[in-house]
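None of the values given here were measured: they were computed from a predicted structure. Chain letters run A, B, ... following the sequence lines, proteins first and then strands; every chain starts at 1.
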Number of protein chains: 2
Amino acid sequence: MTTMKEIAERTGVSVSTVSLVLNGRDAGRVKPGIASKVRKTAEDLGYRPNPLARSLRTSKTKILGFISDEIATTPYAGRLILGAQDAARSMGYMLLTVNTNGDVELERHEISTLKQYDVDGFLYACMFDRAVDPPDSLEPLPTVLLDGTDKRGRLASIVPDEHRIGYDATRRLIEAGCRSIAYIGAGGEDLPKVSGQVIADRYPADVLREQGYLDALHEAGRETDPDLMIRVSFNRPALDAVSDLFDRKRPDGFVCFNDARAWYVYLCAAQRGLTIGRDVSVVGVDNHRLVSDTLAPELTTVDLPHYEMGYWGTLKLVSIIEHRTPDDAALPGTRSPLPDLSETNAMIHCTLLERHSVADPAR
Amino acid sequence: MTTMKEIAERTGVSVSTVSLVLNGRDAGRVKPGIASKVRKTAEDLGYRPNPLARSLRTSKTKILGFISDEIATTPYAGRLILGAQDAARSMGYMLLTVNTNGDVELERHEISTLKQYDVDGFLYACMFDRAVDPPDSLEPLPTVLLDGTDKRGRLASIVPDEHRIGYDATRRLIEAGCRSIAYIGAGGEDLPKVSGQVIADRYPADVLREQGYLDALHEAGRETDPDLMIRVSFNRPALDAVSDLFDRKRPDGFVCFNDARAWYVYLCAAQRGLTIGRDVSVVGVDNHRLVSDTLAPELTTVDLPHYEMGYWGTLKLVSIIEHRTPDDAALPGTRSPLPDLSETNAMIHCTLLERHSVADPAR
DNA sequence: TTGTATGCGTTATCAT
DNA sequence: ATGATAACGCATACAA
């Protein structure tokens with residue numbers, strides 16, 4: 001690890017000069033000849049600043065704390081983490097990740113530890129796009145919520161556009177010529193739970209996707225039929241409910257909340273000798289990547305590139321925490337900055353790719 | 001964030017004394033009265049050392065770099081990361097996670113960045129338990145491989161006990177009274193790939209689970225039958241192959257490499273009016289948690305608690321990197337330490353939970 | 001038994 | 001235009 005000191009020695013200047021040059025603060029302060037010489041030897045030696053030592057002075061580590069509860073164990077979490085990492089890297093940040101297993105006490109401790117490591121801010125990963133009440137101990141560091149919104153409306157958040165998912169899926173079936181399109185949602189005992197606690201009577205994603213389904217039908221001038229919309233949980237009851245729907249309404253298109261629900265459609269179709277993709281069409285969000293991995297392309301026409309794994313497929317987190325002075329221009333492509341969240345004039349800039357939306361408390 | 005300085009001021013001693021006491025180096029060097037006073041005010045102020053500042057002197061950050069390629073996007077990765085984090089936390093480490101997307105150039109850069117952050121060592125996460133050739137740039141920091149082994153036999157690694165998975169699954173069906181047990185493996189175009197490149201002609205996990213299946217049968221005095229063992233990929237060809245097996249051999253038990261393969265068994269059974277759990281039994285590794293989430297317990301008897309999500313369910317990574325002097329006693333429950341891997345007398349201690357095994361180059 | 005001095009790599013202030 | 005120098009929080013050799 002080459003240091004500024006070495007560069008200074010090799011160039012025959014002082015460390016201060018090296019610091020000035022390498023931080024781009026040499027305009028009119030360091031002779032251009034010297035400056036370029038410093039830059040060259042830095043390059044030659046492969047110099048990279050030590051962010052930890054730097055943080056001792058600046059108290060900016062370029063490290064973000066990534067906090068997740070159970071999310072880390074779910075199949076979609078990987079891509080969430082991936083997106084966050086990609087975004088962080090592209091802006092020169094690193095992610096220090098912890099998980100709390102839904103344990104409040106542990107969470108408190110982990111947050112404290114992250115602060116110990118002088119993180120510049122937090123990424124707080126939730127589930128189900130639900131309204132959460134993030135712990136006060138996150139303050140005063142800037143924080144962005146992922147797949148969840150702040151109950152108190154203080155923190156910025158990034159959530160997928162669930163309505164659009166339901167809408168697009170339904171459009172697809174309409175355009176494919178389906179005449180009778182069903183919606184298979186989640187229900188029964190399958191309720192959104194966080195560490196064993198039921199936190200709502202329906203999955204927010206299910207509600208929104210269903211609404212997208214309804215809106216697409218309306219927009220196309222179709223009738224909507226409550227009998228075509230069911231909510232099932234798992235196992236035999238779910239299979240029975242879907243079977244009943246098959247025989248009672250004979251739909252030729254299915255919008256499924258997720259692959260778990262699509263599963264029963266496949267089984268029912270198989271039991272009746274129907275072929276998916278010919279006799280009936282199924283579109284659903286493939287949380288687990290199982291349907292698309294195993295039955296596509298022949299048996300299904302699942303193709304929702306903008307969501308991919310459904311929940312978090314292309315959610316590229318590009319919300320990042322930057323400390324800037326208030327008079328800095330907003331970064332290109334960003335939305336209006338949020339109000340300051342710390343004494344150091346910290347601001348949060350949120351940018352959004354694809355069709356995911358960002359909740360901006362400032363509006 | 002309270003510092004040693006504050007404690008020193010409040011206690012009326014110097015920072016050095018505080019440092020001595022708080023690091024437990026006060027035996028016979030600091031008056032017990034002073035020492036306890038220091039400890040008390042440290043407690044009162046909620047002092048926690050700044051590991052970054054400390055690292056400037058000790059060059060030990062208590063941070064481990066967690067490097068993964070595509071693994072982060074797969075469904076089982078979440079639990080791997082979880083296990084690593086839990087283990088790290090329990091030993092006072094944090095994880096700085098990066099992903100390389102299988103890009104060698106990016107990998108080089110990320111490793112360099114991690115070194116910049118002065119990580120104490122690396123966790124190098126692989127896939128498929130394959131033999132890999134980790135980049136030289138990891139050196140000289142101690143490194144542990146996850147779900148992969150070192151081609152050159154230098155690095156320690158942790159891998160799941162795949163043979164045991166196949167063995168247990170088969171035993172279960174034998175004990176359930178199945179008379180004809182099939183093995184559905186992976187084959188065809190479904191080859192282990194890393195960033196698009198085929199890296200073997202079969203999944204190592206598949207090979208090992210299949211061997212476990214064979215060994216369980218032999219041990220039970222059963223005949224093995226090559227016709228009962230097939231390897232399928234996806235879609236129609238897979239379905240056709242399983243259908244053929246169903247009709248040709250009429251097995252009443254199935255050991256499936258993974259849930260994707262079990263899927264076809266379910267479909268075939270449904271098409272024939274057979275009920276899983278009564279007419280035929282299926283045991284498989286549920287990578288995606290879809291089978292167990294949706295069809296258990298009524299339709300399946302999948303119950304392999306020691307593997308849970310199959311690959312990485314209970315793989316609690318407790319292999320951790322510790323810098324210790326050579327004369328330190330081995331930690332309780334650890335295996336024999338590996339040879340030093342750096343100039344600083346670094347050693348790697350590996351402990352193992354459940355039935356996963358650790359490859360120990362020192363043996 | 002305790003305090004002082006020094007250094008880790010960096011930034012920032014202030015002389016020169 | 002450049003270079004000492006101090007400071008960030010901590011550890012440690014050495015002086016007292």
Side-chain angles (χ1 to χ4, degrees), chain A residues 1-39 41-42 45-63 92 115-120 323 325 344, chain B residues 1-39 42 45-63 92 113 115-120 323 325 344:
Chain A
M1 300 293 97
T2 128
T3 70
M4 282 192 174
K5 196 175 170 188
E6 299 177 47
I7 298 176
E9 283 164 359
R10 292 259 294 227
T11 326
V13 297
S14 77
V15 181
S16 333
T17 306
V18 175
S19 177
L20 277 184
V21 172
L22 263 28
N23 284 325
R25 306 200 161 289
D26 59 319
R29 311 187 56 189
V30 175
K31 226 181 301 187
I34 302 267
S36 64
K37 206 162 150 194
V38 167
R39 264 186 273 268
T41 63
L45 268 49
Y47 171 78
R48 300 190 57 187
N50 181 335
L52 270 34
R54 170 181 282 168
S55 80
L56 224 48
R57 291 282 317 181
T58 63
S59 60
K60 284 179 190 62
T61 49
K62 287 278 185 175
I63 297 179
K115 281 184 167 176
Q116 218 56 42
Y117 277 84
D118 263 330
V119 295
D120 292 343
H323 291 266
T325 53
T344 58
Chain B
M1 299 294 98
T2 125
T3 71
M4 282 191 174
K5 197 175 168 187
E6 299 177 46
I7 297 176
E9 283 164 0
R10 292 258 295 227
T11 327
V13 297
S14 79
V15 181
S16 343
T17 306
V18 175
S19 175
L20 277 182
V21 173
L22 262 29
N23 285 325
R25 306 199 162 290
D26 58 319
R29 311 188 56 189
V30 175
K31 223 181 302 187
I34 302 268
S36 64
K37 207 162 150 194
V38 167
R39 263 186 272 271
L45 268 48
Y47 171 78
R48 298 189 58 186
N50 181 334
L52 269 34
R54 170 182 281 168
S55 81
L56 226 47
R57 290 280 316 177
T58 64
S59 60
K60 284 179 190 61
T61 48
K62 288 277 183 176
I63 297 179
T113 304
K115 280 184 166 175
Q116 218 56 42
Y117 276 85
D118 262 330
V119 295
D120 292 342
H323 290 265
T325 53
T344 59

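The nearest pair of heavy atoms linking A:Y117 to B:L52 is O-CD2, 3.3 Å. Across every non-hydrogen atom of B:Q116 and A:N50, the tightest pair is O-OD1, 3.9 Å.
Atom NZ of B:K5 and atom P of C:dT4 are 14 Å apart (whole Å). Between the P atom of C:dT11 and the CG atom of A:N23 lies a distance of 4 Å, rounded to the nearest Å. Put simply, CG on A:N50 is 18 Å from P on C:dG7, counting in whole angstrom units. Put simply, NZ on B:K60 is 16 Å from P on C:dC8, counting in whole angstrom units. For the pair B:R54 CZ and C:dG9 P, the interatomic distance rounds to 18 Å; values are reported in whole Å. Rounding to whole angstrom units, CG of residue A:L52 and C1' of D:dC8 are separated by 13 Å. Taking atom CD1 of B:I7 as the reference point, atom C1' of D:dC10 lies 12 Å away to the nearest angstrom. One interatomic measurement links the two molecules: CD of A:E9 to C1' of D:dG3, which rounds to 15 Å at whole-angstrom precision.
B:K60 places none of its side-chain heavy atoms less than 4.5 Å from the side chain of B:S55. Looking only at side-chain heavy atoms (C-beta outward), A:Y47 and A:M4 come within less than 4.5 Å of each other. For the pair A:R10/A:T2, no side-chain contact is recorded, criterion being any heavy-atom separation below 4.5 Å from C-beta on.
Comparing C:dT2, C:dT10, D:dG9 by their nearest atom to the side chain of A:L56 picks out D:dG9. Counting only heavy atoms from C-beta on, B:R25 has its side chain closest to D:dT12 among D:dG3, D:dT12, D:dA1. Which of C:dG9, D:dG3, C:dT2 sits closest to the side chain of A:T17 comes down to D:dG3.
Note on A:S19: a base of the nucleic acid sits closer than 4.0 angstrom, heavy atoms only. Using a 4.0 Å heavy-atom criterion, one finds that B:V15 contacts no nucleic acid atom at all. No contact: A:G33 has no heavy atom under 4.0 Å from any strand.
Remark: the B:T17 side chain and the B:S14 side chain contain an N/O donor-acceptor pair separated by less than 3.5 Å.
When the C1' atoms of four end pairs are superposed on the next four at each end of the helix from C:dT1-D:dA16 to C:dT16-D:dA1, using five pairs per end, the two resulting axes differ in direction by 60°, to 10°.
For A:R57 against C:dT11, a side-chain N or O and a base N or O form a donor-acceptor pair under 3.5 Å. You'll find a donor-acceptor pair under 3.5 Å spanning the side chain of A:S16 and the base of D:dA4, going by distance alone.
In this structure, B:R29 and A:L20 both approach DNA chain C, and ranking their closest nucleotides by distance from the 5' end singles out B:R29.
Sorted by first and then second residue, the salt bridge (Lys or Arg N to Asp or Glu O under 4.0 Å) pairs involving residues 20-37 of chain A (not counting sequence neighbours) are A:D26-A:R39.
Close to C:dG9, at under 4.0 Å from its OP1 or OP2, lies no side-chain N or O of B:Y117.
Among A:V38, A:I7, A:T41, the single residue meeting the side chain to side chain contact (heavy atoms under 4.5 Å, CB included) criterion with A:V13 is A:V38.
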